[in-house]
Visitor: 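Dumping the structure here so I can ask a few things about it.
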Amino acid sequence: MFLKSEFLQKLSLASGPSGYEGDVRKLIIDYVKPYVDEVKVDNIGNVIVHKKGNGKRVLVDAHMDEVGLIITGFNNDGTLRFAALGGINSKVIPCKVVDIGDKKIKGVIGLKPIHLQSAQERKANITLDKCCIDIGSNSEEETRKIVELGDYAVFETEFSQFGENLVKGKALDDRIGCAVLAEALKEKYSCDLYGSFNVQEEVGERGALVAAYGVNPDIGIALEGTICADMPNVPEDENATVVGNGPAISIMDRTSIFNTDISDSIMDVAKSFKIPYQKRRAIAGGNDAGAMVLSGDGAKVATISVPCRYIHSSVSVASIDDFENAQKLLINYLKTM
Amino acid sequence: MDKTLEVLLKTFGVSGHESEIRKVIKGNISNPKAEVIEDKMGNVTVKLGSGKEKLMVVAHMDEMGLIVSYIEDNGEMKAEKVGNFSESYFGNSIVKFENGIEGIALFKDDKTFIDAGFKDKKEAETSLKEGDVAGFTGNYLEHSNTITGPKMDDRAGCYVLLSLINELKDLNKEVYFVFSAQQNLGGRGARAAANCIKPDKCIVLEAENCKNGVELSKGPVLSIMDKSLVINHDIKEEIEKAAEKTNIKLQYTVSEENTDGGLIQKECFGVKTAVLSIPCKYIHTPTEMVHTSDIETAKKLVKEFIMSK
C-alpha cells in the first residue's frame with residue numbers, strides 16, 4: 001500500500017453517510033489538529049480549521065459525508081426497509097453487503113434469483129421500495145433488539161490497490177477531497193486560510209451553507225472526487241474526466257459557474273510546476289462551491305477534483321497519481337496568495 | 001436607437017463572464033454623486049441619495065449563452081447551455097465568444113455544438129478552450145418604434161437603470177441601483193447584492209414575455225406572481241399609485257419566469273419585492289422585440305416610484 005494513501009484508506013473505510021459523519025469527523029480532527037491554529041465544530045457538524053494569515057480569506061472545502069442508506073422500517077420477517085441518503089441509483093443497490101450503524105451489523109441486500117424472475121422482472125430495474133436488508137434475523141422482534149429506526153448503513157467495501165497505481169474503495173467522493181485538504185493543511189501559507197470538512201453535501205450542500213456563512217470567504221475552492229466515465233461504451237465527449245490525466249479543474253456545474261481568473265491561476269500553477277491537469281468537461285452535478293455562492297455576500301469560486309470512476313455506488317476507482325498531483329496543485333496554488 | 005442602449009446591447013456578458021459589460025456600464029455612469037461598488041459576485045452597485053428608506057432597483061447585466069465543454073477531433077465544439085432557454089429557438093444562429101470569434105450554434109443528436117469553421121481540434125485549440133463561453137449575436141432591426149435583436153432581456157432594463165442613475169438628483173431615499181450578475185443561473189448575483197445592501201424594498205426590472213394578454217406598446221408589466229415570487233402588496237399599491245400619477249397604464253401578468261426577485265425577497269430579514277417588466281416579444285431567442293415606448297414608460301414609472309415620498 002502506498003504510504004501516502006494510508007490516511008485515505010482510513011477515511012474510505014470509515015462510516016459517514018449524510019447526517020452521520022461522526023467517525024469521519026474524529027479521524028479528521030485528530031489528523032489535522034497539529035497543523036492548524038484553530039479547530040472547531042460548528043452547530044451543524046462541520047469541522048472548520050483556521051491557519052491564520054494576512055492575505056486574502058480563502059476557504060477550501062471537502063465534504064465528509066458519503067452516499068449511504070437509512071433504516072426506515074421493519075418487515076414482519078425480520079428484514080429492514082430503507083431509503084437512500086444522497087443520490088444513489090437504485091441499480092446499485094441489489095446484491096450488496098452493508099454495515100449498519102456504529103456496531104456495523106452486517107446486512108445483505110438480495111435479489112430474487114433469476115430462476116424465479118419473470119421475463120418482465122429480468123428486464124426491469126428494481127426500485128428501493130422493493131428491496132430489503134436481511135440481517136439474518138427471524139422476526140421483527142428479534143431485529144428490533146439489534147437495529148433501530150434511523151440507523152444508517154454504508155456499503156461494505158474493501159479499500160485496496162488496484163491495477164496500475166490505482167486504488168479502489170468506497171466513498172472516494174469525497175474522502176479523497178478530504179485527504180487532499182488534510183495533506184495541504186500541513187504546509188505554511190500567507191493567506192488567511194480556512195479549511196472546512198463539511199457535512200451533508202450529498203443531500204443539498206447543507207453543511208457548506210453554514211460553513212460559508214461562518215467564514216465569509218473572498219475565495220472558495222471546493223475539492224471533490226468527481227465524475228469520471230472514461231469507459232469503453234461511453235463516447236469520449238461524455239467522459240467528463242479521465243483517470244490518470246491529473247486533477248480536474250471545473251468549468252461549470254449545476255450550482256456554480258467557476259471564476260475564470262481563479263481557474264486560470266490554478267492552471268498557470270500547474271503549468272509552471274509541471275503538474276498534469278485536465279478540465280472537467282461536463283456541467284452535470286453540483287458541489288459545496290454552490291453553497292458558497294448562495295451564502296452571505298457570495299464568493300469567487302473554483303473546484304479542483306480527483307477523477308473517480310463509478311461514484312455514488314458501492315465502490316469507486318481513482319489514481320494515486322491524480323490524488324498526489326491534486327495535493328501538489330492545491331498547495332502550490334495556495335502559496336501564490 | 002439611443003447610443004447607450006446600442007452599446008449595452010452589443011457588449012459581451014454571458015453569466016459568470018460579465019467583465020466586458022461591467023466595464024461598459026461603469027464607463028457610462030456620468031452622475032458625479034454616484035458611488036460605484038463592485039462586489040465578489042461581480043455585481044455593479046451604484047449608490048445614490050440618502051434617507052430613511054433603503055430601496056434596491058435591479059436589472060441583470062448577464063446574457064444567456066453556451067459554454068464549450070469538449071473540442072472534437074474535427075474542430076467542432078460540444079457545448080452546454082448557460083441559462084434556461086429552449087434549443088428549438090437557436091438552431092443555426094450565430095454566437096460570439098469573448099475573444100471575438102464567431103461560430104454557428106447547432107443542435108444535433110440531442111447535443112449542442114458550435115462550429116466556428118476550424119478544420120481540426122488543433123486549430124480550434126489555438127483560439128478557444130473548454131470553459132470558454134459564447135453569447136448569441138446578430139443584427140438589430142429597428143422599425144415602427146420597435147427594436148429587435150439579442151440581449152433585450154435584460155439590457156433594456158440596464159439601459160433604464162443607467163438613464164435613471166444619470167438623471168436623478170435630490171433623492172429622498174438611499175437607492176441602490178444594482179446591475180446583477182448570473183441572473184440566468186438563478187439570481188445568484190442579486191441575492192448576494194441584497195445580502196450586502198439589506199434593502200427595505202426592491203424593484204426588479206426585467207423583460208416579460210408577450211403572452212397571455214401582454215402586448216408591446218401597452219405599458220410596463222407588473223407580475224402578480226411568478227415561479228418564485230408573489231408580489232408584495234405594499235409595493236404593488238405604491239407602483240399603481242405612481243402609475244396613476246404619471247398616467248401610465250399597467251399590464252398585469254402571472255409570469256412563467258424565475259427572476260432575481262425570488263431569492264432577493266427571502267434574503268436576511270426579507271425584502272418587499274416586486275417585478276416590473278418591459279414587454280418583450282420572442283423572449284429568450286436571438287430576436288427579442290421591444291417597443292421603445294415601453295422602455296420610456298418603464299423609466300418614467302420607476303423614476304416616479306423612486307422620487308415619491
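In what follows, chains are A, B, ... by sequence order, proteins preceding strands, each numbered from 1.
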Visitor: Tell me, please, whether A:Phe273 has A:Lys328 positioned over its six-membered ring: NZ or CZ under 6.0 Å from the ring centre and within 45 degrees of its axis?
Guide: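 Geometry flag: not set, cation outside 6.0 Å or 45°.
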
Visitor: What I want to find out is whether B:Lys201 reaches B:Glu53 closely enough, with some N-O distance under 4.0 Å, to be called a salt bridge.
Guide: yes

Visitor: Who among A:Asp297, A:Ile219, A:Asp218 has the most heavy-atom pairs with chain B under 4.5 Å?
Guide: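 Ranked by heavy-atom pairs under 4.5 Å with chain B, first place is A:Asp297.
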
Visitor: Quick one: what part of A:Arg254 sits under 4.5 Å from any heavy atom of chain B, side chain, backbone, both or neither?
Guide: backbone

Visitor: Would you mind checking which part of B:Lys81 comes under 4.5 Å of any heavy atom in chain A, side chain (CB onward), backbone (N, CA, C, O), both or neither?
Guide: backbone

Visitor: Please give me the minimum heavy-atom distance between A:Gly45 and A:Val199, naming the atom from each residue.
Guide: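 Heavy-atom minimum between the residues: O-CG1, 3.4 Å.
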
Visitor: Given heavy-atom pairs under 4.5 angstrom as the criterion, report whether the side chain, backbone, both or neither of B:Leu263 touches chain A.
Guide: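 Looking at B:Leu263, just its side chain touches chain A.
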
Visitor: Could you look at B:Val82 and say if it's the side chain, the backbone, both or neither that has a heavy atom under 4.5 Å from chain A?
Guide: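 Interface part for B:Val82: both.
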
Visitor: Looking at A:Tyr333, I'd like to know if the NZ or CZ of A:Lys335 sits under 6.0 Å from its six-membered ring centre while staying within 45 degrees of the ring's axis.
Guide: no

Visitor: Is chain B contacted by the side chain of A:Asp264, its backbone, both, or neither, given a heavy-atom distance below 4.5 Å?
Guide: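 Interface part for A:Asp264: side chain.
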
Visitor: If we ignore angles and hydrogens, is there a donor and acceptor under 3.5 Å between the side chains of A:His312 and A:Asp173?
Guide: yes

Visitor: Tell me, with the steps shown, if A:His50 and A:Asp192 meet side-chain hydrogen bond (donor to acceptor under 3.5 Å, both in side chains).
Guide: CA-CA 8 Å; A:His50 188 194; A:Asp192 195 25; 2.6 Å; yes

Visitor: Under 4.5 Å, counting heavy-atom pairs only, tell me which of A:Pro217, A:Ser263, A:Ser250, A:Ala282 racks up the most with chain B.
Guide: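 Going by pairs under 4.5 Å, I would pick A:Pro217.
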
Visitor: How long is the straight-line distance from CD1 of B:Ile67 back to NZ of B:Lys78, given to the nearest 0.5 Å?
Guide: 12.0 Å

Visitor: Who wins among B:Glu267, B:Arg188, B:Lys111 for the most heavy-atom pairs under 4.5 Å with chain A?
Guide: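 Between B:Glu267, B:Arg188, B:Lys111, the count favours B:Arg188.
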
Visitor: Examine whether an atom of A:Ser295 lies under 4.5 Å from a heavy atom of chain B, and if so say whether it belongs to the side chain, the backbone or both; otherwise answer neither.
Guide: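 When you check distances to chain B, only backbone atoms of A:Ser295 fall under 4.5 Å.
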
Visitor: So which part of B:Ser19 gets closer than 4.5 Å to some heavy atom of chain A, the side chain, the backbone, both or neither?
Guide: neither

